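Only heavy atoms go into these numbers, but all of them, side chains included; no hydrogens, no water, no symmetry mates. Computed from a predicted model, the values in this text were never measured in an experiment.
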Amino acid sequence: MKRSPATLKPVRKDRDTGLLKHPKIKPPAAEIRPHTLTAHNDTRTDNYFWLRERGSEAVTACLKAENRYTDAVLRPAAHIKRTIFNEIKARMKKDDSSVPVWKNGCYYYARYETRSQHPIYCRKQGSLKAREKILLDVNKLARGHAYYDIMSLAVSPDGSILAYASDTEGRRVCTVSFKNLKTGKLLPETIEKTTPNFVWAEDGGSLLYTRQDETTLRYNRVFLLSPDRKTHTPVYEEKDPAFSVGVDKSLSRKYLYLSIHSSTSSEYRLIPAGQPRTEPVVFQPRTKKLEYYVSHGGDRFFVLTNHKAKNFRVMQTPETATGLKNWKQLIAHRPDTLIESISAFRDHLVIEETRRGLTRIRIRNRATGRERQLRFNDPAYTAYVGDNPCYETRLLRYGYQSLTTPASVYDFDLKTGGHILKKRQKVLGKFDPGDYRSERIFASAKDGVKIPVSLVYRKGLRRDGANPLYLVGYGAYGISSDPYFSVARLSLLDRGFVFAIAHVRGGSDLGRKWYESGKLLKKKNSFSDFIALAEHLIKRKYTSPAHLYANGGSAGGLLMGAVLNMRPDLFNAVVADVPFVDIVTTMQDTSLPLTAGEYEEWGNPADPKYYRYMKSYSPYDNVTAQDYPHLLITAGLEDSQVQYWEPAKWAAKLRALKTDGNFVLLKTDLNAGHGGRSGRFEAIEDAAFEFSFLLALENRR
């Protein structure tokens with residue numbers, strides 16, 4: 001018999017741990033070594049600049065001391081961490097498998113064995129009833145490595161050779177290796193210190209791949225590897241530091257793409273896939289602020305572009321005349337709808353778009369122009385076009401999940417309109433989606449703009465201000481914060497937490513204008529939006545400052561840092577994962593990865609206007625003598641996107657200047673990079689670690 005939603009209560013409570021009460025635990029104090037930085041007649045003093053000395057004894061000792069301190073402070077919560085870890089693991093189907101994908105006469109899939117950390121990649125020839133052939137057992141490859149990740153892999157068109165890119169440090173610098181699938185033997189040739197971006201040509205064995213600049217890690221060169229894997233021929237070099245180059249292949253398998261992009265401009269160059277030694281041909285020369293994305297469809301190309309269309313529109317152009325002057329409109333621009341991607345199949349064009357912050361999938365019959373739209377009913381959800389490698393397909397694979405619906409994979413019949421559920425993520429135990437409720441509400445920003453927030457919690461929630469609430473945000477690069485299902489999150493919801501996703505400006509949640517209103521000289525809108533949402537949730541008594549927690553990672557960590565300086569009184573604690581917090585200094589250093597390519601996102605501090613604006617909100621530069629909430633900061637020593645010293649410097653400065661008795665905890669993973677550890681159970685440990693911090697604080701009240 002189902003319980004009445006009105007009587008549902010949080011089902012778990014952990015005992016008080018005594019967290020943060022140990023009188024003998026003293027925080028480390030990083031040595032102060034003043035270093036001056038001068039630009040535009042303005043001088044900044046950075047007392048912790050020396051932490052950039054990667055590998056020095058002093059830096060290593062500092063990071064290890066911070067780790068010991070964090071471990072000591074959180075030791076009383078170790079039983080909560082173990083409990084959370086065991087809960088999450090118990091909900092997982094350990095011997096799981098992905099939905100098989102049909103390509104070139106084989107079904108390809110990945111599976112996990114019960115105790116394995118890493119996937120096993122497999123295929124079956126011709127039929128799912130055929131004998132399984134293991135292509136790659138990552139668990140065997142990972143032995144002896146503290147970190148091991150297969151970032152990409154692809155089988156040659158004839159099915160005989162597997163290429164795969166492995167990262168053993170977490171810096172996303174890979175080795176591409178090759179395996180003969182007929183003999184099962186690894187081949188002696190490898191491509192060292194390269195990117196995970198490569199694609200097979202259609203000439204019987206050539207591989208097109210990219211290399212990065214060794215200092216900045218920008219993808220800047222393209223090479224062609226011969227079928228015998230002996231000759232590496234240069235194909236293209238991108239010299240503009242604002243642009244990166246990637247390689248791909250059209251779904252039709254007719255063209256290889258050189259996709260060259262900055263944050264605001266695009267250029268494609270095409271190579272016949274069957275003749276990869278042909279000189280690349282420019283599709284449409286790059287033009288300032290012209291973005292376009294190409295999908296080949298038989299005798300024509302479909303082009304997704306922002307040309308005279310802020311939220312993008314779809315054009316088509318003959319295969320033999322690809323310049324802008326030949327583009328003809330197929331799907332018009334709409335002010336309330338952002339077209340995010342297009343996929344051209346033989347008979348249909350599939351369009352992913354976002355309207356009012358929610359994704360829609362439209363399917364257009366190429367012959368008749370008639371359209372179908374896939375509709376979804378949850379108030380907050382994520383939908384996306386999945387892996388569809390067959391150009392002639394009749395079935396469209398797509399994914400769907402919501403805050404209460406586990407990740408689901410469907411096949412949609414493009415002729416009949418029928419849906420086939422291929423898989424729904426299995427949640428073991430007593431999980432019932434009906435025990436949880438999701439909603440989407442809006443708050444008014446300081447300029448009157450309505451900001452959405454997506455919420456999920458256990459039914460029966462009382463809005464009395466006493467609920468712990470975890471508010472997460474990102475708000476950068478035009479990346480939307482789509483509502484997603486999380487098995488790990490259930491451990492918070494079942495303890496009475498509300499989980500909330502802030503759709504602040506800087507993402508593309510409500511269209512391209514939403515993104516542009518949260519970047520460059522409008523970046524502060526992201527911060528004020530997050531604050532407005534926090535205040536709104538408090539006003540509506542979902543929570544209160546004593547029970548409000550926040551989280552953001554990477555550029556979302558910048559969001560956390562700025563908000564903390566502006567309104568530290570709103571939160572009991574904040575978790576900042578690999579936070580980008582020293583924006584002025586980083587953006588002045590063009591030797592670092594990403595810097596030059598991100599001027600169009602943040603601005604170039606060589607321009608006094610952008611320098612002053614960035615300095616006015618930079619989390620590190622604006623730490624001041626005031627009270628701050630409890631803070632847990634994570635970092636990765638091998639992080640190539642946010643260097644470890646940014647969170648380390650921030651932690652040191654906060655601890656030196658803040659005026660309260662709350663804790664600043666820094667945990668640096670000495671064997672991982674931006675994405676954390678590589679094993680699936682290791683990822684659970686990381687989640688349990690952060691959740692135990694929140695729960696230990698909440699249980700003290």
Side-chain angles (χ1 to χ4, degrees), residues 14 16-31 48 51 58-85 146-147 170 470 549-554 557 560-561 564 571-579 581 619-620 623 628-639 642-658 660-677 682-700:
D14 304 290
D16 187 358
T17 63
L19 176 68
L20 312 182
K21 294 180 181 177
H22 198 303
K24 296 181 181 180
I25 300 174
K26 292 186 178 180
E31 182 182 352
Y48 306 104
L51 286 170
V59 169
T60 300
C62 181
L63 297 178
K64 289 183 176 180
E66 290 283 1
N67 282 353
R68 288 193 299 270
Y69 173 64
T70 297
D71 291 342
V73 169
L74 293 177
R75 190 169 294 122
H79 75 283
I80 297 181
K81 178 183 174 181
R82 287 193 299 271
T83 299
I84 298 294
F85 174 82
Y147 181 96
Y470 202 24
Y549 305 88
N551 170 268
S554 193
M560 294 299 104
L564 278 177
F571 308 95
N572 185 30
V574 168
V575 178
D577 293 309
V578 290
V581 287
Y620 182 68
V623 172
Y628 284 91
H630 296 292
L631 189 62
L632 174 61
I633 307 167
T634 68
L637 183 62
E638 301 299 335
D639 195 336
V642 176
Q643 305 298 320
Y644 73 87
W645 59 74
E646 292 203 34
K649 288 168 51 178
W650 187 42
K653 188 173 183 178
L654 279 163
R655 194 178 289 133
L657 293 181
K658 69 189 188 67
D660 56 81
N662 293 329
F663 279 70
V664 174
L665 305 178
L666 172 66
K667 183 70 169 180
T668 302
D669 193 315
L670 303 178
N671 297 301
H674 198 65
R677 294 190 285 176
E682 292 173 332
I684 295 174
E685 288 180 0
D686 291 342
F689 169 72
E690 294 191 3
F691 287 2
S692 68
F693 170 72
L694 303 175
L695 290 165
L697 288 171
E698 186 62 21
N699 290 341
R700 297 173 68 221

Given the rule in the side-chain contact (heavy atoms from CB on, under 4.5 Å) test, do Tyr628 and Val623 qualify, once you have shown the distances and angles that lead to the verdict?
CA-CA 10 Å; Tyr628 284 91; Val623 172; 4.0 Å; yes

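Under the rule for a side chain to side chain contact (heavy atoms under 4.5 Å, CB included), Ala29 has no partner lying at least two apart in sequence or in another chain. The side chain to side chain contact (heavy atoms under 4.5 Å, CB included) test applied to Lys81 returns Ala688, Phe689, Ser692, not counting sequence neighbours. Legend: residues meeting side-chain hydrogen bond (donor to acceptor under 3.5 Å, both in side chains) with Lys653, ordered by chain and number and at least two apart, are absent. Listed by chain and residue number, Asn671 satisfy the side chain to side chain contact (heavy atoms under 4.5 Å, CB included) test with Ala146 (two or more places apart in sequence, or in another chain). Judged as a salt bridge (Lys or Arg N to Asp or Glu O under 4.0 Å), and not counting sequence neighbours, Glu682 has no contacts. Remark: Glu685 pairs with Phe85, Arg677 by the side chain to side chain contact (heavy atoms under 4.5 Å, CB included) rule, at least two apart or across chains.
Note: Leu631 CG to Leu665 CG = 8.0 Å, rounded to the nearest 0.5 Å. One distance of note links CG of Leu694 with CG of Leu632; it measures 8.0 Å at 0.5 Å rounding. Taken to the nearest 0.5 Å, the CG atom of Leu74 stands 10.5 Å off from the CD atom of Glu690. Between the CD1 atom of Ile633 and the CD atom of Glu646 there is a distance of 12.0 Å, given to the nearest 0.5 Å. Going from atom CH2 of Trp650 over to atom CE of Met560 covers 9.0 Å, rounded to the nearest 0.5 Å. For the atom pair CG (Leu637) and CD (Gln643), the distance works out to 10.0 Å, reported to the nearest 0.5 Å.
The backbone N or O of Tyr644 lies less than 3.5 Å from no partner atom in the side chain of Asp639, so there is not a single donor-acceptor pair. Checking side-chain atoms of Asn67 against main-chain N and O of Thr668 turns up a donor-acceptor pair under 3.5 Å. Between the side chain of His630 and the backbone N or O of Phe663, at least one donor-acceptor pair lies under 3.5 Å. Judged by distance alone, with hydrogens and angles left aside, the side-chain atoms of Asp577 form no donor-acceptor pair with the main-chain N or O of Thr634 at under 3.5 Å.
By the 4.5 Å heavy-atom criterion applied to side chains, Lys64 and Leu670 are counted as neighbours.
Contact record, Val664 with Leu654: CG2-CB, 4.2 Å, taken as the closest heavy-atom pair. When every heavy atom of Leu666 is checked against every heavy atom of Ala651, the shortest pair comes out as CB-CB, 4.1 Å. Closest non-hydrogen pair, Pro76 versus Ala72, comes out as CD-O, 3.7 Å. Closest heavy-atom contact between Tyr147 and Gly676: CE1-O, 3.3 Å. Between Val642 and Pro579, the closest heavy-atom pair is CG1-O, 3.2 Å. The minimum heavy-atom distance between Pro629 and Asn662, with the atom names listed, is CA-ND2, 3.7 Å.
Among the candidates Tyr470, Tyr549, Phe691, the single residue satisfying the side-chain contact (heavy atoms from CB on, under 4.5 Å) test with Val575 is Tyr470.
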